[in-house]
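The next block holds one structure in the form of structure tokens; read it before the comments.
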Amino acid sequence: MKIIILNGPNLNLLGEREKSQYGSFTLKDVETNCKQFAKQNNIDLSFFQSNIEGELVEKIQSSRNRENGLIINAGGYTHTSVAIHDALKILKIPIIELHISNIYNREEFRHKSLISKIARGVICGFGENGYIMALSAMKKYIEK
Ligand code: CA2
């Protein structure tokens with residue numbers, strides 16, 4: 001089973017700033033935990049971060065014939081990117097939208113997501129645990 005986790009802009013700074021909002025773990029910590037979970041569950045996991053919209057679009061496109069499921073924390077692009085929305089819409093594999101924070105108890109501009117409507121499900125507000133929750137949910141969904 002092949003799953004990819006995509007991370008959008010500024011998530012490379014996790015653990016450095018805004019710790020009260022996003023926690024003190026780094027993206028590397030998240031990747032290590034996810035890789036460990038993947039190994040224990042026979043998942044072939046890819047983990048990718050970019051600050052560049054076009055790079056995320058290219059990764060989404062190349063997931064088309066390569067992955068069985070895609071998990072995306074698109075960061076700020078969640079609320080703005082028609083290009084990421086369009087790229088995800090082309091996919092036939094299940095998509096889970098993921099956020100570390102609860103975007104619905106934050107600023108109004110974070111309440112709108114261009115991804116939710118095309119996602120199988122959304123996980124937000126559970127901090128770094130959300131990544132493992134998403135992987136576990138994706139595995140079960142693919143197997144069903
Ligand atoms: O809660 C999430 O996971 C978000 O996707 C994070 C995005 C934010 O724009 C979304 O509304 C919700 C921002 C990630 C920024 O991460 C930082 C980490 C450390 C320091 C500064 C930003």
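Positions are given from 1 along the sequence. Whatever order the structure lists ligands and atoms in, that order sets their numbers, starting from 1.
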Step through the shown structure and confirm whether more than 12 heavy atoms of other residues, nucleotides or ligands are within 6.0 Å of CZ on Arg106.
yes
With a cut-off of 6.0 Å (strictly less than), are more than 12 heavy atoms of other residues, nucleotides or ligands near NZ of Lys35?
yes
Please walk me through it: do Lys140 and Glu143 pass salt bridge (Lys or Arg N to Asp or Glu O under 4.0 Å)?
CA-CA 5 Å; Lys140 285 189 183 138; Glu143 281 170 350; over 6 Å; no
Please write down residue, atom name and distance for the protein heavy atom closest to [atom].
atom                    : answer
atom 13 (C) of ligand 1 : Tyr22 OH, 3.4 Å
atom 16 (O) of ligand 1 : Asn10 O, 3.5 Å
atom 7 (C) of ligand 1  : Gly75 CA, 3.6 Å
atom 14 (C) of ligand 1 : Leu11 CD2, 3.8 Å

Would a 4.5 Å heavy-atom cut-off, applied to side chains only, mark Ser50 and Lys59 as touching?
no
Is it the side chain, the backbone, both or neither of Arg110 that has a heavy atom closer than 4.0 Å to ligand 1?
side chain
Location of contacts on Asn73 toward ligand 1, heavy atoms closer than 4.0 Å:
side chain
Without hydrogens or angle criteria, can the side chains of [X] and [Y] be said to hold a donor-acceptor pair below 3.5 Å?
X      : Y     : value
Ser113 : Glu97 : yes
Gln40  : Asn42 : no
Asp29  : Thr32 : no

Proximal ligand 1 atoms for [X], defined as those under 4.0 Å from one of its heavy atoms:
X      : result
Leu13  : 18 (C), 19 (C), 20 (C)
Arg17  : 19 (C), 20 (C)
His79  : 10 (C), 11 (O)
Ile100 : 1 (O), 2 (C), 3 (O)

Of Glu18, His99, Gln21, Glu97, which has the heavy atom at the shortest distance from atom 4 (C) of ligand 1?
His99
Candidate with minimal heavy-atom separation from atom 1 (O) of ligand 1, of Cys124, Gly76, Ser101
Ser101
What orientation do Phe47 and Tyr131 show, parallel under 30°, tilted 30 to 60°, or perpendicular over 60°?
tilted
